[in-house]
Structures are given as structure tokens and as C-alpha cells.
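The figures that follow rest on heavy atoms only: side chains count, while hydrogens, waters and symmetry mates do not.
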Amino acid sequence: MKSKTDRAIAAYSKVGVETGIAGASPQRLILMLYDGALAAMHAAKAALGQQDAGARGVALSKAIAIIDEGLRPALDLDAGGEIAANLMALYEYVANRLLYANLKGDMASIDEAVRLMTELRGAWDALERQARAE
């Protein structure tokens, strides 16, 4: 059972996240999704290292959900053309690698997904910095 302090900290954290979302640019929101997916992937790696299949499954499911329910729907295939289509395919590939990692306990698949998502996050970060400068 959570103490009053734990509940207060959780509530405060939620307000901080909600405030961050409310004032965020579209690029910042995408970065937040990448950060969440990457954090979940790192948690999955730690769980895999500890041979905790349950925690690994929860973390990988969270990462896949962020990709499938956050990043993929954010793409505008009409306006984004080939770039958006390529991102859609890459998100699908990463989600499939994470699913495979969960089924087989494969660290290399998680590492590949982390590498790809880190590179994409870097590109979105550059876009966000450029948008702020303008």
C-alpha cells in the first residue's frame, strides 16, 4: 500500500507530465513519445539481464504500444509522402523486433530497436531545436 507521501509524489509527477504536454510543441510531443519508448526498451533490457520475463514483457509491451498508438498514428501519410511512409515501415519493423525480442528473450533485437529509435529521436530533436530557433 502506498503511503500518503508516495501518493502525493505520484500526483505531483502526473501534474508535471500533464503540464509538459499542454505546453509542448508537436516536435516536443514526438520526442516525449521516443523518450518513453526508449525508457521502456532500457527497462526491458534490464529485466532480460535479470531473467525477469514478466517485467520484460511489460516493458516491451509498453514500448510497442507507444510506437503503435503514439508514433504511428501521428504520421500524416498524405502530407508526409515518402518520408512518412518510410517512417511507418520503420516503426512497424521496430515493433516487430520488440515482439520477437519478447518471444525469444533476444537482447540483440532490443539493442537494434534502441539504436534505430535513438537515431530517429536525434533527427526529431534537431527538428525541434530548429523550430524553436525560428
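With a 4.5 Å cut-off on side-chain heavy atoms, R72 and E92 count as touching. Between I30 and L127 the shortest side-chain heavy-atom distance does not fall below 4.5 Å. Using a 4.5 Å heavy-atom cutoff, the side chains of L99 and L60 are not in contact. Counting only heavy atoms from C-beta outward, the side chains of R97 and D111 never approach each other to under 4.5 Å. In this structure the side chain of Y91 never reaches within 4.5 angstrom of the side chain of D68, judged on heavy atoms.
In the displayed structure, L77 atom CG is contacted under 6.0 Å by more than 12 heavy atoms of other residues, nucleotides or ligands. Counting non-hydrogen atoms of neighbouring residues, nucleotides and ligands closer than 6.0 angstrom, the CD atom of Q51 reaches no more than 12 such neighbours.
Between atom CG of residue L33 and atom CD of residue E69 there is a gap of 11.0 Å, rounded to the nearest 0.5 Å. Distance check: M41 CE to L48 CG gives 14.5 Å after rounding to the nearest 0.5 Å. Of the inter-residue distances, the one linking L71 atom CG with W124 atom CH2 reads 9.0 Å to the nearest 0.5 angstrom.
The two atoms that bring A37 and A63 nearest to each other are O-CB, 3.8 Å, heavy atoms only. Shortest non-hydrogen contact noted between L38 and V114 is CD2-O, 3.8 Å. Contact detail for L120 and Y34: the closest heavy-atom pair is CB-OH, 3.4 Å. Shortest non-hydrogen contact noted between A84 and L75 is O-CD1, 3.7 Å. Between A59 and A44, the shortest heavy-atom contact is CB-N, 3.6 Å.
E112 and Y100 share no donor-acceptor pair across their side chains, judged by distance under 3.5 Å alone.
Hydrophobic clustering of Ile, Leu, Val, Met, Phe, Trp and Tyr side chains at less than 4.5 Å, counting indirect connections, unites L31 with L116. Residues L29 and L87 fall into different hydrophobic clusters, defined by Ile, Leu, Val, Met, Phe, Trp and Tyr side chains chained together at heavy-atom separations under 4.5 Å.
Between the side chain of R56 and the main chain of K45, no donor-acceptor pair closer than 3.5 Å is present. In this structure a side-chain-to-backbone donor-acceptor pair under 3.5 Å is missing from D125 to R121.
Between M117 and the options I66, V94, L98, L90, a side-chain contact (heavy atoms from CB on, under 4.5 Å) holds for only V94.
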